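What follows is a short report on a single structure.
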There are 2 protein chains.
Amino acid sequence: MPGIPEIVSGDDLVEVIAAAVIADSGDTQSGGLEDGDILTVTSKIVSKAEGRAVQAADREQAITDETVRVVASREHPNGVTRIVENRLGLVMAAAGVDSSNTPDGIVLLLPLDPDETARHLCAGLRERFGVNVGVVITDTVGRPWRRGQADIAIGAAGIRVLDDLRGTVDASGRPLAVSVTAVADELAAATDLVKGKAGGFPVAIVRGLAHYVAELEAPGARSLVRVGADDMFRLGTKEAWLAGFDEAHDDTDLKED
Amino acid sequence: MPGIPEIVSGDDLVEVIAAAVIADSGDTQSGGLEDGDILTVTSKIVSKAEGRAVQAADREQAITDETVRVVASREHPNGVTRIVENRLGLVMAAAGVDSSNTPDGIVLLLPLDPDETARHLCAGLRERFGVNVGVVITDTVGRPWRRGQADIAIGAAGIRVLDDLRGTVDASGRPLAVSVTAVADELAAATDLVKGKAGGFPVAIVRGLAHYVAELEAPGARSLVRVGADDMFRLGTKEAWLAGFDEAHDDTDLKED
């Protein structure tokens, strides 16, 4: 989606996005949006609208303030790199504190409550245009075991963030026992491919997946956060090793496709 | 993409996919394919074509044979669940050995060399239709810290699997220091949203991302595998904790967007 201007603190993103979709479509009634469209919004512009800027000199303290748990930490010539779980439950380098596409001397914290912001955006766009859309707020993360980064959902409203296929049947008629698709994360990854990292396209529209659109109050991206006790992929970690491997777990760790 | 029949051992997937795109498009010359299209193919049909089936009774031994390193293991009433690094360098539950969408009594191993298969498919489709396409072979994985599964690339040919943006500039003109997009994984995730898990649509076509299409011999999905020494996200693991946090690392663990 073209036409999103540079965002500053206090901007109402419903109005900004509404103006952009109207300008792009020429349609003041619907903004060119259709029932079932899903908008993905880069967290960077949410942080800017919320005024989540801090001075770059205060970056390390900001990371500490956002941190709930340090997953890994390493000193190097330029300082300390920390992979941490932040207050949103997300495991990220530097707690998600970021300096790209920001004014000089400024770093940005992640949005305060991205699920709440997603609900606000979703409700605002649904009301403004009378269409049943969904909203995902995205951010970029590194991953264990894989090179490169990918986008995930850190906020969501009006969509089914997980598609729980357990109990449905495969092409052979046998029940799927463990398949739960991380829909919101896959929507984030999909639209990263068209939004890019240069900052010019912070909003994308996904059309054709209306079956994932849900009621405004459907569980948000917070429900994609897996807590330690049921995360078998985390069992290689120091905490789990010390605790033993005997916590309860769900079987969504497994796979089938 | 509709029209992919049930695959059996020995099927030539170039011929199968060619027949399906011709049937879908009605175009015997190009199969409706265009320069820059990227086809994603579910690993399940590659495994079937390669005859990678084993008896379900031999499942545990098959998992052991595919395993290079056990990341986590847990006994439960139905047996043992193992998260392992397999011979492809992929960290997966049950080494990727899978029983959904397979004949009764059969489990399927992952393809023998998915990058090589992707090159074969890519070369075959390029030659058959005279179009410059890319190919990604996908599989579904669980992830640490996140609920639900997402698709990643386990094989690739004819595309840039990583988009290394380090040295390019953001919207403010400042260099991006750490951004490397896992393009092939995001393509896999994107097309999982339209392929689904019921087995009916094992091939999808991505159009509009021609800038990611590359020469046939571009690095494959194996290059997305991050080895331990430079994986700071893995630093919470038992191995790293025992080894200390002092291995060399690259800074693609960090984020910016």
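All of these numbers come straight from a predicted model, not from anything done at the bench. Quick note: numbers below take in every heavy atom, side chains included, and nothing from hydrogens, waters or symmetry partners. Protein chains get the first letters and strands the later ones, always in sequence-line order, with residue 1 at the start of each.
Using a 4.5 Å cut-off between heavy atoms, B:D164 makes no contact with chain A at all. Heavy atoms of A:L90 lying under 4.5 Å from chain B belong exclusively to its side chain. Residue A:S223 touches chain B through its backbone alone, counting heavy-atom pairs closer than 4.5 Å. With a 4.5 Å cut-off on non-hydrogen atoms, B:L193 touches chain A through its backbone and its side chain both. Both the backbone and the side chain of B:L224 have a heavy atom closer than 4.5 Å to some heavy atom of chain A. Both the backbone and the side chain of A:D192 come within contact range of chain B, judged by heavy atoms closer than 4.5 Å.
When side chains are defined from C-beta on, B:E6 counts as touching B:K48, because their heavy atoms get closer than 4.5 Å. Between A:V84 and A:V70, the closest side-chain pair of non-hydrogen atoms falls below 4.5 Å. Counting only heavy atoms from C-beta outward, the side chains of B:V225 and A:R146 approach each other to under 4.5 Å.
By number of non-hydrogen pairs under 4.5 angstrom with chain B, the leading residue of A:A182, A:A150, A:A190 is A:A182. Ranked by heavy-atom pairs under 4.5 Å with chain B, the first of A:I152, A:V206, A:T191 is A:I152. With respect to chain B, the highest number of heavy-atom pairs below 4.5 Å among A:A153, A:G208, A:A184 belongs to A:A153.
Distance check, rounded to the nearest 0.5 Å: OG1 of B:T67 to CZ of B:R87 gives 10.5 Å. Note that CG of B:D139 and CD of B:Q149 are 10.5 Å apart. Values are rounded to the nearest 0.5 Å.
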- Message: Test side chain to side chain contact (heavy atoms under 4.5 Å, CB included) on B:I159 and B:L187; report intermediate values, then the result.
- Response: CA-CA 11 Å; B:I159 69 158; B:L187 287 165; 3.9 Å; yes

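Counting only N and O atoms by type, the side chains of A:D163 and A:T181 include no donor and acceptor under 3.5 Å apart.
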